[in-house]
Trainee: 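Quick one: the structure is below, and I'll ask about it shortly.
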Amino acid sequence: MDLGTSAVKVSAVTQTGEIIAQEGMDFPLNQPKPGYAEQNPNDWVNATTVAIVKLILNDSVKPEQIKGISYSGQMHGLVLLDENNQVLRPAMLWNDTRSTKQREEIMAKMGDRFVEITHNQPLEGFTLPKLLWVKENQPEIFAKAKTMLLPKDYLRFRMTGKLAIDYSDATGTVMLDVDKQEWSQEILDTFGIPASLCPPLVRSIDHTGNIDAWYSMYSGLSTDTLTFGGGADNACGAVGAGIDSPSKVLSSIGTSGVILKYEPQKETNYHGVLQYEDHAIPDAYYSMGVTLAAGFSLSWFKKTFAEKEDFTDVVESAAQSTVGANGLLFAPYIVGERAPHADADIRGSFIGVDGIHQRHDFVRAVLEGIIFSFRDLLDIYEKEGAKFDTVVSIGGGAKSPLWQQIQANIFNTRVVSLQNEQGPGLGAAMLAAVGLGWFKTMQDCTKVFVKFKDVFLPEEENVAKYQKLHEIYKQIYPSTKKISHELVAYRRENEEK
Ligand SMILES: Nc1ncnc2c1ncn2[C@@H]1O[C@H](COP(=O)(O)OP(=O)(O)O)[C@@H](O)[C@H]1O
Ligand SMILES: O=C(CO)[C@@H](O)[C@H](O)COP(=O)(O)O
């Protein structure tokens with residue numbers, strides 16, 4: 001199961017890694033105020049159940065054939081349950097940036113010590129600042145809260161009745177002591193959070209209970225089906241894309257965008273400039289930089305300016321434009337940004353709009369702007385001495401060959417795609433396959449399951465053009481910061497009246 005932000009995708013995978021059936025279902029994202037991003041946890045369960053039922057009825061996957069289920073989940077989202085395990089409020093998602101005040105308080109109280117324990121800065125997107133926002137703004141809800149879960153763990157709970165969180169998602173709460181691999185008592189004590197709120201920690205390949213009788217009745221699944229820990233969607237994406245050494249880098253265009261590197265050592269610490277997380281692979285780690293609105297920028301553009309048209313046609317119309325979109329740049333900061341500019345109040349922009357521009361130039365600028373923001377992240381890694389020979393491209397954005405060629409040119413590195421762009425879903429299936437004992441190690445499973453499809457090579461002339469354009473792009477953030485902040489403040493003032 002891949003519980004994304006735009007949809008859930010359920011894949012049936014054989015012992016040899018063939019995806020024999022796939023179903024999905026969308027669910028809404030609610031943005032009631034500037035910076036807010038919420039979903040109803042019941043929507044995840046209902047959408048997943050519909051996808052499972054379709055898999056059984058439409059695709060003839062027999063329930064008794066399904067030996068194991070594992071989960072890939074959108075990260076950091078806060079789900080709070082009361083003493084009867086009922087959901088207390090809508091889930092606050094990874095792209096919800098309302099907790100700037102709490103983020104600043106965390107740094108003021110703990111400073112570098114916080115970064116030392118968690119290997120991360122307490123950014124708005126992470127779970128702890130959200131929890132502290134609820135504590136301060138909805139104390140009656142905080143008082144009733146008995147359990148905190150992340151999105152995929154809530155889904156598992158509804159399917160098995162068991163509470164658990166795996167280490168890769170636990171690092172994303174910024175409440176885990178990365179060196180000790182346990183919930184940080186120091187952080188919990190400093191912010192008055194009861195340890196009982198934190199669910200039991202499991203490894204991504206650990207058995208987390210069977211499908212229970214209630215969910216078996218509801219979905220048609222068998223109670224003989226085992227579930228496994230699963231992981232953060234980016235950890236699972238890296239597993240499904242075969243990112244098993246520091247020379248390969250993952251480029252994921254989902255709702256968010258991610259540039260991710262495998263890290264063999266626990267001790268590596270980017271001091272919060274990049275995120276540092278436990279991997280879904282036991283005893284391994286990964287770092288990443290996140291663009292908050294990657295695929296989301298394109299979906300926003302399509303919904304706003306081309307609602308009735310086919311998604312692929314809109315994307316491919318960018319081929320009618322030129323490298324550099326005839327002199328038009330786009331900065332994808334439409335819900336704020338996380339890396340390299342941790343700024344909840346920056347907003348997006350089109351720069352250079354000219355009377356000659358047509359809609360396809362705007363589409364091209366959106367595709368390129370998202371990859372320029374990825375280029376910013378690669379630059380951080382390259383400054384730290386990283387050398388990549390291959391970029392593996394996954395996520396909904398990997399459906400477009402044009403977008404992958406743009407990546408090869410902007411990264412000046414070869415880009416490969418997967419046979420099926422569902423990296424996180426395949427990664428989750430691999431965790432179940434290892435958990436079931438079908439393979440001894442994740443590496444053994446990777447050799448059988450991970451299959452590449454197309455290769456996109458950098459084109460020298462276009463690489464040079466994009467290098468020039470990226471230098472211009474880099475000026476957008478400092479040049480638009482003050483204007484963006486004033487506009488967001490204006491909107492807040494007027495919406496609060
Ligand atoms: N045909 C397409 N070509 C390129 N990008 C696409 C296409 N269809 C969807 N996308 C992009 O894929 C994104 C969704 O990717 P996905 O990996 O499914 O996200 P999530 O896991 O966050 O739900 C959308 O935001 C959209 O911009
Ligand atoms: O916040 C992060 C990573 O830190 C996001 O990457 C979320 O995990 C959402 O993923 P997608 O829905 O875009 O796959």
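Indexing begins at 1, ligand by ligand and atom by atom, following the structure's order.
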Trainee: For the residue pair Gln275 and Ser287, confirm or rule out a side-chain donor-acceptor distance under 3.5 Å.
Mentor: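 On atom types as modelled, these side chains do not qualify, holding no pair under 3.5 Å.
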
Trainee: What pairs with Phe374 under ring pair (Phe, Tyr, Trp, His ring centres under 6.0 Å), at least two apart in sequence or on another chain?
Mentor: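 If we apply the ring pair (Phe, Tyr, Trp, His ring centres under 6.0 Å) test to Phe374, skipping adjacent residues, there are no hits.
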
Trainee: Can you name the residues that form a side-chain hydrogen bond (donor to acceptor under 3.5 Å, both in side chains) with Thr171, not counting sequence neighbours?
Mentor: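 Not a single residue meets the side-chain hydrogen bond (donor to acceptor under 3.5 Å, both in side chains) criterion with Thr171.
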
Trainee: Could you pull out every protein residue that has a heavy atom closer than 4.0 Å to ligand 1, ordered by chain and then number?
Mentor: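 For ligand 1, the residues that come within the 4.0 Å heavy-atom cutoff are Gly4, Thr5, Ser6, Ala7, Lys9, Ile253, Gly254, Thr255, Gly295, Phe296, Leu298, Ser299, Phe311, Thr312, Val315, Gly395, Gly396, Gly397, Lys399, Ser400, Trp403.
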
Trainee: For ligand 2, which of its N or O atoms have a protein N or O partner closer than 3.5 Å, and how long is each gap?
Mentor:
unit_1   : atom_1 : unit_2 : atom_2 : d
ligand 2 : 1 (O)  : His76  : NE2    : 3.4
ligand 2 : 1 (O)  : Arg338 : NH1    : 3.2
ligand 2 : 1 (O)  : Arg338 : NH2    : 2.9
ligand 2 : 4 (O)  : His76  : NE2    : 2.6
ligand 2 : 4 (O)  : Gln275 : NE2    : 3.0
ligand 2 : 4 (O)  : Arg338 : NH1    : 2.7
ligand 2 : 6 (O)  : Asn234 : ND2    : 3.0
ligand 2 : 6 (O)  : Ser256 : OG     : 2.8
ligand 2 : 8 (O)  : Met75  : N      : 3.0
ligand 2 : 8 (O)  : Asp233 : OD1    : 2.8
ligand 2 : 8 (O)  : Asp233 : OD2    : 3.3
ligand 2 : 10 (O) : Asp233 : OD2    : 2.7
ligand 2 : 12 (O) : Thr5   : N      : 3.3
ligand 2 : 12 (O) : Thr5   : OG1    : 2.5
ligand 2 : 13 (O) : Thr255 : N      : 3.1
ligand 2 : 13 (O) : Ser256 : N      : 2.7
ligand 2 : 13 (O) : Ser256 : OG     : 2.7
ligand 2 : 14 (O) : Asp233 : OD2    : 2.8

Trainee: Charged N to carboxylate O below 4.0 Å: is that the case for Lys152 and Asp169?
Mentor: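 A salt bridge is present here (some side-chain N lies under 4.0 Å from a carboxylate O).
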
Trainee: Tell me, yes or no, whether the heavy-atom count around Lys481 atom NZ, taken from other residues, nucleotides or ligands under 6.0 Å, exceeds 12.
Mentor: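 Check fails, neighbour count at 12 or below.
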
Trainee: For ring pair (Phe, Tyr, Trp, His ring centres under 6.0 Å), just list the numbers for His279 and Tyr285, CA-CA rounded to whole Å, side-chain angles, deciding distance to a tenth of an Å, and then say yes or no.
Mentor: CA-CA 4 Å; His279 213 313; Tyr285 305 84; 8.6 Å; no

Trainee: Hey, is Glu38 close enough to Arg98 for a salt bridge, meaning N to O under 4.0 Å?
Mentor: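 Salt bridge: yes.
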
Trainee: Has Asp310 got more than 12 heavy atoms of other residues, nucleotides or ligands less than 6.0 Å from its CG?
Mentor: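 Enclosed: over 12 neighbouring heavy atoms sit under 6.0 Å from CG of Asp310.
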
Trainee: Do we see a donor-acceptor contact under 3.5 Å between the side chains of Ser251 and Ser393?
Mentor: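 There is no such pair between these side chains.
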
